Amino acid sequence: MTKKILILPGDGIGQEIIGEAVKLIKHLQTHYDLQVETEEALIGGTAYDATGKPLPKETLELAKQADAVLLGAVGGYQWEELDIAVRPEKGLLGLRAGLGLFANLRPAILYPQLADASTLKPEVVAGLDIMIVRELTGGIYFGQPRGIRELENGEQEGFNTLVYKESEIQRIANVAFDIARKRDSRVCSVDKANVLECTELWRNTVMGLHERNQDIELSHMYVDNAAMQLVRDPKQFDVMVTTNMFGDILSDAAAMLTGSIGMLPSASLNESGQGMYEPIHGSAPDIAGQNIANPLATLLSVAMMLRYSLDESELADKIEQAVSDVLDDGLRTADIYSDGMQKVSTTEMGAAVIDKL
Ligand code: IPM
Ligand code: MG
């Protein structure tokens, strides 16, 4: 049956990197008989400019009907002064919430060819393969009440709420256990249980669930220590599972271990396996429109989409192999460039990956 993919380029370099992904998908349709239909819609600042909303109703409807969503990035300087309710980021958060995408999988894998591109010593990062499982539709990102209010003395006060229900913790911990089972069977749950009651419940709930997952080795770490351990000895981790905000922060740190945030894809899944796929880097407005952004995280996001939502693991493997092959050939976009390599543009990198297929 033909599956539907909704494509949301978004803002900044989103347009350019998604352009390469679209070419890749076309190639798979023509040469590998991939049965998909694609449609494009607006999100983020681009959507705001066109419709006054960062997530137009039509986009959310199309997303709900799609088997998978492929997103570029949202955000940019020109929208930073907007009211927070209509900022580009709200479009992304609305899509996550609207589709119930509670499980965010962020792999941090170091391609051996890029060991020198990491700011850490090669021996610390060589062979790195971590999966961060970030809770994506709850926690302080969505908790109520929230806002900025004026106190009686005229001073302003900002407030947000960190809140998790047991059921929300259980379903994300279950995803982490399931993923670990297909890897090295180790889960480290990250919290701040020494200070925050909400994450004390997180820790207790994960421990409770572990009783039914005894084949998995479970450990717990406070988030400050986890941040330190990630840069000290990242290879100690297999799967990390954590809250929305801690996962946001730790996944950027983990990404940098791999040399460039421009290399890392992500998947966000809901309870029915429907998914949204996006590179974990942002819209990089500073380099937008210059044809220098790294499209590999987006092409690898297409691979994740094929694997998790389209039941095409073989094609996913092929794309991942093609990416590895172009790195073997010494092709590098600016973000992963080092001496002696061949510097290429966004479009050249995209074409090289397709060539390898
Ligand atoms: C991410 C981003 C988003 C987040 C922003 C753009 C809302 O940083 O996907 O990590 O904070 O979740
Ligand atoms: Mg982030």
Side-chain angles (χ1 to χ4, degrees), residues 8-15 17-18 42-48 53-55 59-60 63 69-108 130-143 146 160-162 164 168 172 190 223 226-227 230 240-258 260-270 275-286 288 293-294 297-298 300-301 304-305:
L8 304 173
D11 309 324
I13 60 168
Q15 303 283 341
I17 54 179
I18 286 290
L42 296 171
I43 189 150
T46 318
Y48 174 81
K53 296 201 177 84
L55 177 63
T59 300
L60 183 58
V69 178
L70 182 67
L71 181 118
V74 298
Y77 309 128
Q78 66 268 53
W79 302 292
E80 275 170 11
E81 300 302 314
L82 288 177
D83 186 273
I84 195 164
V86 290
R87 268 187 227 153
E89 290 75 9
K90 275 283 173 201
L92 180 56
L93 296 171
L95 205 51
R96 289 173 180 170
L99 297 178
L101 303 169
F102 72 96
N104 184 211
L105 316 185
R106 299 194 157 183
I130 306 178
M131 177 67 92
I132 296 187
V133 178
R134 169 188 177 195
E135 199 291 325
L136 202 61
T137 50
I140 199 165
Y141 270 53
F142 292 93
R146 61 189 297 155
N160 289 88
T161 303
L162 172 61
Y164 272 114
E168 289 176 291
I172 192 72
V190 177
V223 63
L230 261 181
M240 299 175 94
V241 62
T242 191
T243 64
N244 203 342
M245 184 153 85
F246 294 163
D248 178 46
I249 298 166
L250 293 178
S251 62
D252 266 30
M256 209 54 224
L257 302 173
T258 71
S260 170
I261 199 167
M263 292 298 299
L264 298 185
S266 76
S268 306
L269 307 172
N270 66 16
M276 176 159 84
Y277 300 83
E278 54 179 313
I280 89 154
H281 58 68
S283 57
D286 53 326
N294 186 347
T298 312
L300 291 168
S301 297
M304 281 190 105
M305 175 171 79

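Small disclaimer: the values here were computed from a predicted structure and weren't measured. Order of listing sets the numbers, starting from 1, for every ligand and every atom in it. For the numbers below, each heavy atom of this structure counts, side chains included, while hydrogens, waters and symmetry mates do not.
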| message | With a 3.5 Å distance limit and no angle check, can you tell me whether E135 reaches the backbone of G138 through a side-chain donor-acceptor pair? | response | yes

Just by distance, do the side chain of R146 and the backbone of Y141 share a donor-acceptor pair under 3.5 Å? yes

TODO: Could you tell me whether R87 sits above the aromatic face of Y77, with NZ or CZ closer than 6.0 angstrom to the six-membered ring centre and within 45 degrees of the axis?
DONE: no

Would you check if the side chain of D11 reaches a backbone N or O of G44 as a donor-acceptor pair within less than 3.5 Å?
-> no

Note: R134, heavy atoms under 4.0 Å from ligand 1, region reported as side chain

Does a side-chain N-to-carboxylate-O contact under 4.0 Å join R96 and E278?
yes

_the Mg ion (ligand 2) to nearest N/O/S of D248 less than 2.8 Å_ = yes

When distances are taken from atom 11 (O) of ligand 1, the protein heavy atom at minimum range is Y141 OH, 2.6 Å

The protein heavy atom nearest to atom 10 (O) of ligand 1 is D248 OD1, 2.9 Å

Restricting to heavy atoms, the pick from M245, R87, R106, K90 nearest atom 1 (C) of ligand 1 would be R106

| query | Taking both backbone and side-chain atoms of E89, is any N or O found less than 3.5 Å from an N or O belonging to ligand 1? | reply | no

